[in-house]
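Hydrogens, waters and symmetry mates play no part in the numbers below; they use all other heavy atoms, side chains included. What you see is a predicted model, and the numbers here were worked out from it, not measured in a lab. For ligands, and for the atoms within them, numbers begin at 1 and follow the listed sequence.
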Amino acid sequence: MELTLLTNPVQNIAPRTIWCLGRNYAEHARELGNQVETKPLVFQKGLNALAPFENEVPLDWSLGPIHYETELVMLMDRVGDVPRLVGLALGLDLTLRDLQSELKSAGKPWTLAKSFDHAAIVSHFVPLTQFEDLDTLIFTMQLNGELRQTGETRKMILSLYDTMAYLETFTRLRAGDLVFTGTPAGVGELHPGNEILADLAGQLVARIKVI
Ligand code: MG
């Protein structure tokens, strides 16, 4: 899949690495019975997991209960030595929740619970210049027309820029790197035929049907 930055003309970017934050919103950490910590945990999804946040996305329902987590996704670039945030998208971090809990309690990596095919759903990216204040962004998610999740960047434990700085201590972020920045509270299970509509600050609306 190519990542699309909605500029004039539209720019396509090859995805590179998918970084993900866990427990970056205190209320969500609590809803899953996790401790609220000052540093979020970080994991990755493989590029196999990428799928566009549009039309219909097939999922393998035989794998176990699939939960949605609606998240802001950052698209990175790099100019010389400086990492640059170029755009924001809406994403769904799909999770095999039972498998994740099983692996978690066994002290094993979550990879299969987080990186199955189509587990990283990403919309078009809106250029950063279209947002006035990154610390007051609000995004919402409706499942079959019912509001399920509301995220506010001011409630993130690590802000978007702090997240970049934190990751930069371990890696050089580069063009095409994506960062899922964690889910607010309200996660839940998906079922075949469910329709998801997500909105980011009135700048972006993404729709999907999972089949
Ligand atoms: Mg997540």
Side-chain angles (χ1 to χ4, degrees), residues 3 15 17-53 57 59 63-76 85 88-105 108-123 125 137-143 148-160 162-164 166-167 170 173 177-190 194 196 198-200 206 208 210:
L3 308 172
T17 302
I18 308 172
W19 294 97
C20 305
L21 264 55
R23 304 173 198 167
N24 197 25
Y25 291 82
E27 274 171 48
H28 168 65
R30 282 187 216 108
E31 84 179 335
L32 292 189
N34 293 309
Q35 291 240 327
V36 179
E37 293 167 28
T38 49
K39 289 217 164 74
L41 68 88
V42 177
F43 61 95
Q44 286 193 352
K45 289 183 187 245
L47 290 177
N48 67 298
L50 262 188
F53 202 145
V57 169
L59 297 173
L63 297 173
I66 300 174
H67 278 215
Y68 59 81
E69 298 184 357
T70 312
E71 310 192 4
L72 281 186
V73 183
M74 303 196 287
L75 174 61
M76 303 304 305
L85 172 58
L88 290 177
L90 289 158
L92 296 173
D93 164 12
L94 299 186
T95 305
L96 294 169
R97 192 68 75 201
D98 285 4
L99 179 61
Q100 185 197 28
S101 304
E102 207 178 288
L103 293 168
K104 217 154 79 172
S105 48
K108 292 177 179 172
W110 305 346
T111 311
L112 290 175
K114 287 286 192 179
S115 196
F116 57 97
D117 286 351
H118 302 167
I121 295 174
V122 178
S123 75
F125 283 83
L137 292 179
I138 295 179
F139 60 99
T140 61
M141 180 278 221
Q142 294 177 35
L143 180 66
R148 292 294 184 92
Q149 291 197 280
T150 301
E152 296 177 69
T153 48
R154 69 184 176 88
K155 292 188 176 170
M156 288 175 151
I157 294 170
L158 278 197
S159 70
L160 298 175
D162 287 347
T163 297
M164 278 169 56
Y166 182 62
L167 290 175
F170 296 89
L173 293 165
D177 280 353
L178 303 180
V179 186
F180 278 71
T181 57
T183 182
V187 301
E189 191 176 347
L190 289 174
N194 280 173
I196 296 171
D199 173 279
L200 168 56
I208 202 177
V210 289

Inset, instruction - Measure the shortest side-chain to side-chain distance between Leu96 and Leu112 over non-hydrogen atoms and say whether it is less than 4.5 angstrom. - result: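 Counting from C-beta outward, Leu96 and Leu112 never come under 4.5 Å.
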Determine which of the N, O or S atoms in [X] is closest to the Mg ion (ligand 1) and give its atom name.
| X | answer |
| --- | --- |
| Glu71 | OE2 |
| Glu69 | OE1 |
| Asp93 | OD2 |

Inset, instruction - Please answer whether the main-chain N or O of Glu69 pairs with a side-chain N or O of Asp93 as donor and acceptor at a distance below 3.5 Å. - result: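 Not confirmed, Asp93 side chain does not pair with Glu69 backbone.
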Legend entry - Ser105 side chain to Glu102 backbone, donor-acceptor under 3.5 Å: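 Checking the backbone N and O of Glu102 against the side chain of Ser105, a donor-acceptor pair under 3.5 Å is found.
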Legend entry - Gln149-Thr70 side chain donor-acceptor pair, cut-off 3.5 Å: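 Indeed, the side chains of Gln149 and Thr70 share at least one donor-acceptor pair under 3.5 Å.
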